[in-house]
Amino acid sequence: MSDLSLTIGGLVFKNPVITASGTFGYGTEYAPYLDVSRLGGIVTKTITLLPREGNPVPRVAETPAGMLNSIGLANVGVDEFLKRKLPALADLDTRVIVNIAGNTAEEYAAVAAKAGAFGRVDAIEINVSCPNVKQGGLAFGTDPEATYQVVRAVRNETGKVLITKLTPNVTDITEAARAAVEAGSDALSLINTVLGMGIDITTRKPLLARGTGGLSGPAVKPIAIAKVYQAARCVDVPIIGLGGIRQWEDVVEFMLAGASAVQVGTWNFVEPGGAARIVAGLEQYCASRSLARLADLVGTVDIDET
Amino acid sequence: MSDLSLTIGGLVFKNPVITASGTFGYGTEYAPYLDVSRLGGIVTKTITLLPREGNPVPRVAETPAGMLNSIGLANVGVDEFLKRKLPALADLDTRVIVNIAGNTAEEYAAVAAKAGAFGRVDAIEINVSCPNVKQGGLAFGTDPEATYQVVRAVRNETGKVLITKLTPNVTDITEAARAAVEAGSDALSLINTVLGMGIDITTRKPLLARGTGGLSGPAVKPIAIAKVYQAARCVDVPIIGLGGIRQWEDVVEFMLAGASAVQVGTWNFVEPGGAARIVAGLEQYCASRSLARLADLVGTVDIDET
Amino acid sequence: MGCSICTVISNKPVAEGLYLMSVEAPGICSTALPGQFVHVRTGDVIDPLLRRPLCINRIDSGNGTLDLLYRVVGRGTAALAGKKPRDPLDVLGPLGNGFTVRGNFRNALVIAGGMGIAPMFFLIDELIRTEKYVTLLWGARTAAELFVSSADFAPGGLTLHTATEDGKAGHAGYVTDLLASILEQLSDAGSARAYTCGPVPMLKTVQKIMSGRGIPVEASLEERMACGIGVCAGCSVNTVQGKKLVCKDGPVMNLMEIVYDE
Amino acid sequence: MGCSICTVISNKPVAEGLYLMSVEAPGICSTALPGQFVHVRTGDVIDPLLRRPLCINRIDSGNGTLDLLYRVVGRGTAALAGKKPRDPLDVLGPLGNGFTVRGNFRNALVIAGGMGIAPMFFLIDELIRTEKYVTLLWGARTAAELFVSSADFAPGGLTLHTATEDGKAGHAGYVTDLLASILEQLSDAGSARAYTCGPVPMLKTVQKIMSGRGIPVEASLEERMACGIGVCAGCSVNTVQGKKLVCKDGPVMNLMEIVYDE
Ligand SMILES: Cc1cc2nc3c(=O)[nH]c(=O)nc-3n(C[C@H](O)[C@H](O)[C@H](O)COP(=O)(O)OP(=O)(O)OC[C@H]3O[C@@H](n4cnc5c(N)ncnc54)[C@H](O)[C@@H]3O)c2cc1C
Ligand SMILES: Cc1cc2nc3c(=O)[nH]c(=O)nc-3n(C[C@H](O)[C@H](O)[C@H](O)COP(=O)(O)OP(=O)(O)OC[C@H]3O[C@@H](n4cnc5c(N)ncnc54)[C@H](O)[C@@H]3O)c2cc1C
Ligand SMILES: Cc1cc2nc3c(=O)[nH]c(=O)nc-3n(C[C@H](O)[C@H](O)[C@H](O)COP(=O)(O)O)c2cc1C
Ligand SMILES: Cc1cc2nc3c(=O)[nH]c(=O)nc-3n(C[C@H](O)[C@H](O)[C@H](O)COP(=O)(O)O)c2cc1C
Ligand code: FES
Ligand code: FES
């Protein structure tokens with residue numbers, strides 16, 4: 001058996017395939033379609049201090065080889081999550097990562113403190129794509145200084161492994177990457193969705209009620225690979241790569257670019273159970289190539305730097 | 001007959017369909033496949049002061065519903081262009097836009113001065129995605145101040161209609177848009193390609209020899225629509241929208257988002273002659289809806305701003 | 001509830017742009033309830049990317065086949081229309097909850113507009129099987145779309161009223177024009193249930209006409225979907241109890257509790 | 001040179017993963033030269049997006065059909081393999097320049113490795129028609145891929161030497177192993193021309209072996225392409241005269257002028 005495991009901030013993941021926030025519910029919804037314990041980990045939807053109902057519909061739409069969403073972080077709120085959703089994950093043999101957001105750094109910290117008190121929570125992923133209400137609603141993640149503040153605030157509240165999830169909608173991803181690491185993030189995950197929009201020419205209304213939204217799916221994979229490659233070369237913490245993954249080959253591609261692990265998002269909707277099939281594909285890949293450690297691939301893209 | 005025309009900086013275009021830089025050669029290569037005079041305009045490849053051979057191969061690759069390129073601005077240089085390529089456009093009944101770039105603001109200005117001396121050149125499109133050698137190679141377009149400098153330098157050299165072509169690879173497109181307009185740009189075109197990358201997992205080499213490159217094609221259309229929508233709401237000059245256009249419906253979508261005209265890029269490769277078919281589609285669209293002026297659509301997306 | 005590669009048995013147009021596809025799917029058929037839907041992948045491709053939600057139109061439990069009735073409106077349904085017998089079809093389902101068929105009532109009023117007819121054949125089959133008196137109010141754009149008659153259902157149980165926008169069959173106009181007078185005729189309104197599916201303006205009208213009558217009205221709703229199983233939170237709908245998800249809390253919901261904005 | 005919707009006549013595997021497709025394309029056939037290629041859209045879809053370049057394998061000018069010989073290596077060629085007789089096929093071509101067939105020479109040496117055989121049947125047909133003595137050195141992975149014999153060409157003109165990597169037919173090894181000795185046997189080297197197509201390592205070897213012999217060597221080259229007609233500047237190749245474009249200045253170029261990096 002080849003070794004598919006990897007370590008992030010001291011935490012061992014048995015394999016690099018994690019399901020992405022907002023695409024795997026609270027962790028058990030896909031149980032009828034796959035053995036969740038096959039996965040390296042799962043990330044919950046973004047959890048906020050108070051429950052949120054989210055944005056008006058339509059809040060999903062299809063685009064060429066991708067989709068747009070503007071769910072608006074609909075979730076049950078941290079208390080309800082910890083009371084009613086987290087217990088269902090007790091017996092799963094997989095890492096549980098709770099994704100959090102807030103409108104202020106203090107809100108992030110408060111959610112992290114609550115979630116961090118639970119043993120079943122293995123790590124916290126900080127979604128910095130949330131609007132920073134104190135600074136006029138621009139996302140925290142588009143400003144390295146705000147990113148630093150948020151990560152720092154969370155770091156002060158919890159000893160859990162911290163992953164900061166970066167937005168691709170910036171001029172230079174390495175600035176946010178460095179800020180997150182300096183503030184104490186144990187790892188980075190990228191990319192969150194790409195800003196996008198579509199318009200129905202018959203009704204003249206936007207495809208999403210809110211106008212713009214987040215693009216995901218195969219269409220964004222080249223963007224994600226580029227950002228992972230850039231981030232991996234500028235920080236020393238592990239990178240979790242995501243954006244458009246749908247098959248084991250994509251995972252290998254992200255690993256070559258510098259990712260230690262990956263997340264599968266939109267593809268869960270297309271192929272429920274697809275994430276487990278990707279794990280099987282990686283096992284076969286390692287076996288057929290007699291690759292002892294999958295992690296040896298990380299960052300080994302062969303680029304002529306001239 | 002409906003009126004498909006529009007005006008940019010006093011220059012009348014008979015219809016909004018223009019072919020994009022780098023995807024239509026020097027203007028005549030596609031003549032066997034379509035009547036170039038059917039088009040509203042054509043944009044040449046980027047022209048630089050000196051000839052350029054471009055980057056090592058592979059320099060094109062395919063991605064989900066899109067493609068990557070890193071041609072490296074291969075072109076014959078401005079003198080050769082003006083002497084040998086421009087004359088062939090003499091008899092075309094279409095607007096000729098010369099796309100220019102340089103490594104310094106002075107280089108941009110020099111190319112603009114040379115091209116601007118020719119009557120056949122109707123407008124100049126400034127490609128600010130070129131690396132700014134004076135400032136360490138980051139693209140001019142990623143820095144509003146550098147964008148301003150370049151546009152200003154060109155504006156000082158020529159009275160031609162100026163279009164500044166913006167890169168989408170920025171945190172906030174409205175900053176670059178405002179800078180270009182303040183510096184005297186008569187219009188903006190967006191988007192240039194999106195930073196992307198792919199890796200061949202068999203060879204472990206990047207799909208493009210250079211590693212990262214520019215993503216284009218249908219995959220990026222939602223990104224382009226979002227940027228056009230944002231830019232159109234913050235400046236008063238006409239916007240030329242592009243990114244992923246392949247059919248007349250896409251043109252209408254860009255117009256609703258705020259574009260006065262559009263450019264067709266990658267799709268030329270898939271369907272030579274496709275740009276002319278799009279013009280025909282727009283004519284039919286106007287006729288079937290008894291739309292007197294296509295330009296009335298511009299910016300009329302129906303968004304609930306709450 | 002599962003995801004399986006089924007086999008297309010037949011796939012034919014029944015009116016212009018309207019197709020009926022039969023799919024061999026014994027697993028789904030054995031548990032499906034009227035009103036549930038399936039989430040179909042239209043091809044083994046990444047464009048179009050998402051699955052398409054379609055109601056279960058009818059079930060032949062003997063043969064283990066289910067019918068899908070769909071209108072070609074875009075790329076996904078066009079791809080479906082291109083499927084041939086023996087082609088594989090990736091079907092997720094049955095999903096969501098169904099109509100209430102059991103219970104202590106005698107009269108069933110079914111109000112369907114346009115593609116809203118899709119879930120109703122299965123429902124009517126079940127209503128007749130459980131010995132209800134069924135009145136179907138069926139509105140369509142053209143007479144050709146009224147491609148099924150009461151003879152296509154088990155005998156005895158079905159009274160059919162039709163309306164067409166082109167006026168070529170039945171009442172000329174909307175099906176909701178008929179609703180009020182049908183309600184008057186209803187012998188025993190206290191023991192009636194209503195079922196409806198159709199475009200939003202129709203549902204709003206039905207909601208208005210039915211309000212205050214004490215007849216339970218179940219509607220099969222539509223919303224844009226990504227996952228189809230309650231994960232993405234894409235398909236939300238406003239109800240008097242707050243936002244709910246059409247795919248998981250529906251698609252069948254109490255019409256009187258749906259909150260439509262102005 | 002044009003873009004047209006042609007019709008697939010037949011499409012069959014000739015060896016594992018190797019397909020031969022016949023396409024009705026009288027317009028293209030009437031002007032095509034050996035060595036030219038066509039740029040094919042593999043479906044009416046946006047994914048895969050780009051056209052695929054394929055050599056013209058052979059032409060039946062009487063029937064106005066052309067053959068494409070292709071190996072299934074990815075999504076585009078897999079889509080091609082799924083085409084059935086009467087399916088439409090969007091073909092752009094003929095593109096690029098062809099091999100030099102005319103001229104004052106008697107011996108033609110054709111060196112093909114793997115898919116490099118693709119443009120050679122058309123070339124050999126023309127060489128035989130213009131009364132050259134043709135020697136074909138054909139290397140393949142397996143014996144099954146050597147699916148054509150000298151009997152499949154007009155009589156008299158063709159001598160065939162084969163090599164297979166699995167050693168099941170002809171020389172066991174690379175086709176270039178045969179090249180030097182064949183050159184020795186060549187009666188009249190001063191009046192010979194060589195033509196080659198195959199993977200880059202093979203072309204490099206051919207370049208080395210042929211160097212200094214004064215025999216013109218034309219190679220059909222490959223590079224990643226977007227437009228196929230000299231617009232995108234994607235398919236550049238280094239030559240002693242600087243960068244050229246494979247699609248426009250090639251695909252047939254003087255092999256001795258190609259600059260390969262180390
Ligand atoms: C629970 C449910 C059951 C349905 N049952 C049927 C049925 O039995 N027969 C039938 O003809 N139609 C039904 N619809 C509508 C059907 O899903 C759409 O017509 C179909 O998805 C359109 O796909 P397309 O690719 O052809 O159109 P496109 O417009 O190209 O689709 C683009 C995107 O929008 C979505 N979309 C488009 N129209 C609708 C719509 N009306 N509702 C939801 N999503 C839409 C698509 O799923 C896709 O994601 C149902 C919808 C829902 C939610
Ligand atoms: C002038 C020319 C003539 C050719 N003639 C033939 C022929 O007659 N028979 C044949 O089997 N093959 C031929 N090839 C190679 C053929 O074009 C590729 O095998 C094919 O494009 C692969 O497409 P795919 O979608 O199956 O593979 P994918 O790997 O999925 O393709 C991805 C992208 O890479 C490109 N690509 C992949 N391999 C090659 C390659 N070797 N050369 C150029 N582009 C490639 C594709 O066109 C596409 O854009 C020729 C190539 C060129 C440049
Ligand atoms: C419907 C939907 C909802 C999402 N919700 C969240 C969320 O709540 N929090 C978050 O950090 N990312 C969210 N994302 C982003 C994904 O986790 C992921 O970063 C992105 O979709 C790119 O990956 P993919 O292409 O594999 O989907 C969401 C994505 C989708 C499609
Ligand atoms: C092969 C290729 C070459 C390009 N070269 C240039 C160029 O020289 N100058 C420029 O401003 N844009 C260039 N572009 C960008 C296009 O003009 C256009 O902005 C981009 O491709 C998005 O539009 P599309 O999706 O319609 O292709 C190039 C694009 C491609 C695909
Ligand atoms: S479609 Fe995903 S929650 Fe309903
Ligand atoms: S493929 Fe575009 S120039 Fe050759």
Side-chain angles (χ1 to χ4, degrees), chain B residues 19-20 22-34 44-46 51-76 200 202 207-209 213 216-219 221 244 246-247 250 265-274 277, chain D residues 1-5 27 31 38-53 73-77 79 90-95 200 221-239 241-250 258-262:
Chain B
T19 49
T23 68
F24 208 71
Y26 297 108
T28 55
E29 290 88 338
Y30 274 111
Y33 304 98
L34 87 178
T44 68
K45 312 184 167 221
T46 290
R52 290 171 58 104
E53 290 214 315
N55 293 333
V57 291
R59 52 195 198 183
V60 289
E62 196 179 60
T63 67
M67 68 172 284
L68 286 166
N69 88 78
S70 102
I71 305 297
L73 303 182
N75 79 97
V76 295
D200 181 328
T202 311
L207 295 183
L208 302 174
S216 64
K221 195 182 71 170
R246 66 189 173 95
Q247 50 192 12
D250 300 325
T266 302
W267 194 252
N268 293 305
F269 306 152
V270 181
E271 191 191 348
R277 199 184 41 84
Chain D
M1 177 155 76
C3 182
S4 55
I5 307 299
T31 64
V38 291
H39 212 25
V40 178
R41 216 171 146 197
T42 62
D44 188 17
V45 293
I46 56 171
D47 183 81
L49 181 66
L50 299 174
R51 289 173 178 268
R52 300 301 193 250
V73 298
R75 295 187 308 157
T77 46
D90 182 343
V91 182
L92 181 64
L95 301 174
V200 168
L221 305 179
E222 274 190 18
E223 194 41 74
R224 305 281 148 156
M225 294 186 172
C227 70
I229 63 164
V231 165
C232 72
C235 61
S236 100
V237 56
N238 293 323
T239 76
Q241 291 134 36
K243 291 209 183 201
K244 299 211 167 188
L245 298 177
V246 170
C247 71
K248 197 184 67 165
D249 306 315
I258 303 300
V259 179
Y260 290 109
D261 20 87
E262 284 331 283

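Just so it is clear: chains get the letters A, B, ... in the order the sequence lines come, proteins before strands, and each one is counted from 1. Values below: every heavy atom of this structure, side chains too, minus hydrogens, waters and symmetry copies. Just so you know, these numbers come straight off a predicted model, no measurement behind them.
- Side-chain contact between B:R59 and D:S236 is present, with at least one heavy-atom pair separated by less than 4.5 Å.
- For the pair D:A233 and B:K45, the tightest heavy-atom approach, listed with the atom from each and the gap, is CB-NZ, 3.7 Å.
- For B:T266, the part sitting under 4.5 Å from any heavy atom of chain D is the side chain, from C-beta outward, and nothing else.
- D:R224 places no side-chain N or O within donor-acceptor distance of the main-chain N or O of B:L207, the cut-off being under 3.5 Å.
- Per-residue heavy-atom pair counts under 4.5 Å with chain B were compared for D:A226, D:G228, D:G76, and the maximum is reached by D:A226.
- The residue among B:G22, B:P64, B:A65, B:G25 with the most heavy atom pairs within less than 4.5 Å of chain D is B:A65.
- The side-chain heavy atoms of D:V231 and B:N268, taken from C-beta on, include no pair separated by under 4.5 Å.
- Looking at B:N55, only its backbone comes within 4.5 Å of chain D, counting heavy atoms on both sides.
- Partners of B:Y30 by ring pair (Phe, Tyr, Trp, His ring centres under 6.0 Å), not counting sequence neighbours, listed by chain and number: B:F24.
- Annotation for B:M67 and D:L49: closest pair N-CD2, 4.3 Å, computed over non-hydrogen atoms.
- Using a 4.5 Å heavy-atom threshold, the side chains of B:F269 and D:L92 count as separate.
- A distance-only check finds a donor-acceptor pair linking the side chain of B:E62 to the backbone of D:L50 [under 3.5 Å].
- Under the rule for a side-chain contact (heavy atoms from CB on, under 4.5 Å), the partners of D:V45 that lie at least two apart in sequence or sit in another chain are D:P48.
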